[in-house]
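First the proteins, then the strands, lettered A, B, ... as listed; each starts at 1.
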Number of protein chains: 2
Amino acid sequence: MIFSAKTEYGVRLMVELGRHGDGPQPVSLKTLAAAEQLPLSYLEHVVAALKRAELVTASRGAHGGYRLARSAAEITMDEVVHALEGTIAPMECFADGEHHRVFCSHEGQLGQHCATRLLWTRVQSGVVRALQTTTLADLVAFAGHGPDAVAGSTHATGLTPAPALGQAPPLARAL
Amino acid sequence: MIFSAKTEYGVRLMVELGRHGDGPQPVSLKTLAAAEQLPLSYLEHVVAALKRAELVTASRGAHGGYRLARSAAEITMDEVVHALEGTIAPMECFADGEHHRVFCSHEGQLGQHCATRLLWTRVQSGVVRALQTTTLADLVAFAGHGPDAVAGSTHATGLTPAPALGQAPPLARAL
DNA sequence: ATCAAATCCTACCAGCGGAGTCGGAAACCG
DNA sequence: CGGTTTCCGACTCCGCTGGTAGGATTTGAT
């Protein structure tokens, strides 16, 4: 699995917050937990990460709760996932502990270098592009509709849905 | 990390095999382990997975070893990664244990459904596309060169390298 | 003032999978 | 036969993930 349950929960949580729009009163965690049927105590950790990243704001005390820090359209899923998952890298050597820069630490000497780097770079690029071009508002809008428009509206890139190369590709048959 | 070390090792191993071209004698694991400085005993597991997927063939006994089952140009990294990592899904509910079909099992009732599905579908699509459009031959060719041409030759898609949207994107600053 | 409803914070735990080791059996070649 | 190599299964170690628990703090309502 690429992403952890924590991230799944967090995204769900954000979507749920997005659906509540920006009414004056915030939404309590208990409400959110009930709506998504997730363990409240664990959600505390999740929402803490979101708050640290300044994606949600909290009001404490009675009738307190959480609300989005910005409008859903201004929040890219890139930010959300990053807040929950930490640096996203396809491979260990791609993550710089320091400032989340991305590179490969295996740089071989003598001209030839880390052969896998090309691949991981491409994969990373694919993931990042998908996350950056999707906003929370997209998900909120999607949440209400019936199951269509997933593959439709090729999502800003205008790419054809992957050419059928070779025999049946082992991954992602249902895309 | 999206991929495990096992996958990293496996890809390295395949690249190394690809570099040896198809001379008549196969390459022993010991040789490969030495070339990549990886633990031999662990590589046994890795190469076993590759063999199961019919990506390499083995000859036992003295002067035995492994060779690619097909030419490097005919092997997509999609296949390699799938053999090593199993089904690649961004999220638990996306992986169907049965036949690697991809879907989401959280289908909510009453019109509204699993809000995160849109996101995971896009991510998955990005990863799969990257893996499918990269062949082992690409990596082999890359392995000998100096560190360029990574971002260059936008890898068949012709996409611009991700627009700078909003403030500095938290992921992948060095792409 | 008091109480209840929230967020907040830290520590803790159990299970699982990943990375790696080991020992031995079978196959193949000279 | 003997060395080399693949093959196979069992085993260990360890960190991370998901989840729980308990208490402190803030706030609004009565």
Side-chain angles (χ1 to χ4, degrees), chain A residues 1-13 17 24-34 36-67 69 81 84-93 95 97, chain B residues 1-13 17 24-34 36-67 69 81 84-89 91-93 95:
Chain A
M1 298 313 123
I2 297 183
F3 299 120
S4 60
K6 182 175 180 180
T7 298
E8 167 89 24
Y9 294 174
V11 172
R12 293 260 191 96
L13 213 144
L17 279 181
Q25 55 259 18
V27 188
S28 79
L29 250 203
K30 185 151 62 168
T31 306
L32 295 172
E36 294 286 341
Q37 309 190 54
L38 299 175
L40 169 66
S41 40
Y42 187 51
L43 280 193
E44 287 186 10
H45 293 312
V46 176
V47 81
L50 293 172
K51 197 196 158 197
R52 243 176 282 129
E54 299 183 340
L55 291 169
V56 302
T57 60
S59 347
R60 309 178 61 162
H63 305 104
Y66 298 91
R67 52 165 61 90
V81 170
L84 297 161
E85 200 77 11
T87 302
I88 292 219
M91 198 54 53
E92 195 62 56
C93 68
Chain B
M1 300 312 125
I2 296 183
F3 299 120
S4 59
K6 182 175 181 181
T7 298
E8 168 89 23
Y9 294 173
V11 173
R12 294 260 191 94
L13 214 143
L17 279 181
Q25 56 258 16
V27 189
S28 79
L29 250 202
K30 186 152 62 169
T31 307
L32 295 171
E36 294 286 339
Q37 309 190 52
L38 299 175
L40 170 64
S41 40
Y42 188 51
L43 281 193
E44 289 186 7
H45 293 312
V46 177
V47 82
L50 293 173
K51 199 197 156 199
R52 243 177 284 131
E54 299 182 338
L55 290 169
V56 302
T57 60
S59 351
R60 308 175 65 160
H63 305 105
Y66 298 90
R67 52 165 60 91
V81 170
L84 296 162
E85 199 77 10
T87 302
I88 291 219
M91 197 54 54
E92 196 62 57
C93 68

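One finds the CG atom of B:Leu84 at 10.0 Å from the CZ atom of B:Phe3 (value rounded to the nearest 0.5 Å). With rounding to the nearest 0.5 Å, the separation of OG1 in A:Thr7 from CE in B:Met91 is 6.0 Å. Expressed to the nearest 0.5 Å, how far CG of A:Leu43 lies from NZ of A:Lys6 amounts to 11.5 Å. Distance check, rounded to the nearest 0.5 Å: CD of A:Glu8 to CG of A:Leu38 gives 8.5 Å.
If you measure from atom OH of A:Tyr9 to atom C1' of D:dG18, you get 7 Å, rounded to the nearest angstrom. To the nearest angstrom, P of D:dA29 lies 6 Å from NE2 of A:His63. A:Leu50 has its CG atom 15 Å from the C1' atom of C:dC8, to the nearest Å. Protein atom CG of A:Leu29 is 14 Å distant from nucleotide atom P of D:dT20, rounded to whole Å. For the pair B:Leu84 CG and C:dA19 P, the interatomic distance rounds to 11 Å; values are reported in whole Å. In this structure, the CD atom of B:Gln25 is 15 Å from the C1' atom of D:dT5, given to the nearest Å. Rounded to an integer number of Å, the gap from CG of B:Leu43 to C1' of D:dT6 is 13 Å. B:Leu40 places its CG atom 14 Å from the P atom of C:dG23, with the value rounded to the nearest Å.
For the pair A:Val46 and A:Gly10, the tightest heavy-atom approach, listed with the atom from each and the gap, is CG1-CA, 3.5 Å. Here the shortest heavy-atom pairing between A:Ser4 and A:Glu85 reads OG-OE1, 3.1 Å. Of all the heavy atoms in A:Gly65 and A:Pro26, the pair that sits closest is C-CB, 3.5 Å.
Residue-level contact check: A:Phe3 touches neither bases nor backbone, having no heavy atom under 4.0 Å from any strand. Using a 4.0 Å heavy-atom cutoff across all strands shown, B:Ser28 reaches sugar-phosphate atoms only and no base atom.
Of the residues in residues 52-60 of chain A, those lying under 4.0 Å from DNA chain C by heavy-atom distance are A:Ala58, A:Ser59, A:Arg60.
Contact check, B:Lys30 against D:dT5: a side-chain N or O comes under 4.0 Å of OP1 or OP2.
Here the side chains of A:Gln25 and A:Ser59 are not in contact, with every heavy-atom distance at 4.5 Å or above.
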Atom pairs under 3.5 Å, N or O on each side, protein against nucleotides 9-18 of chain C: can you list them with distances?
from, atom 1, to, atom 2, distance (Å)
C:dC9, N4, A:Glu44, OE1, 2.9

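Under the side-chain contact (heavy atoms from CB on, under 4.5 Å) rule, B:Tyr66 has a single partner from B:Leu17, B:Leu13, B:Thr31, B:Val27, which is B:Leu17.
Remark on DNA chain D: of its neighbouring residues B:Ala62 and A:Thr7, the 5'-side contact belongs to B:Ala62, judged by nearest-heavy-atom nucleotide.
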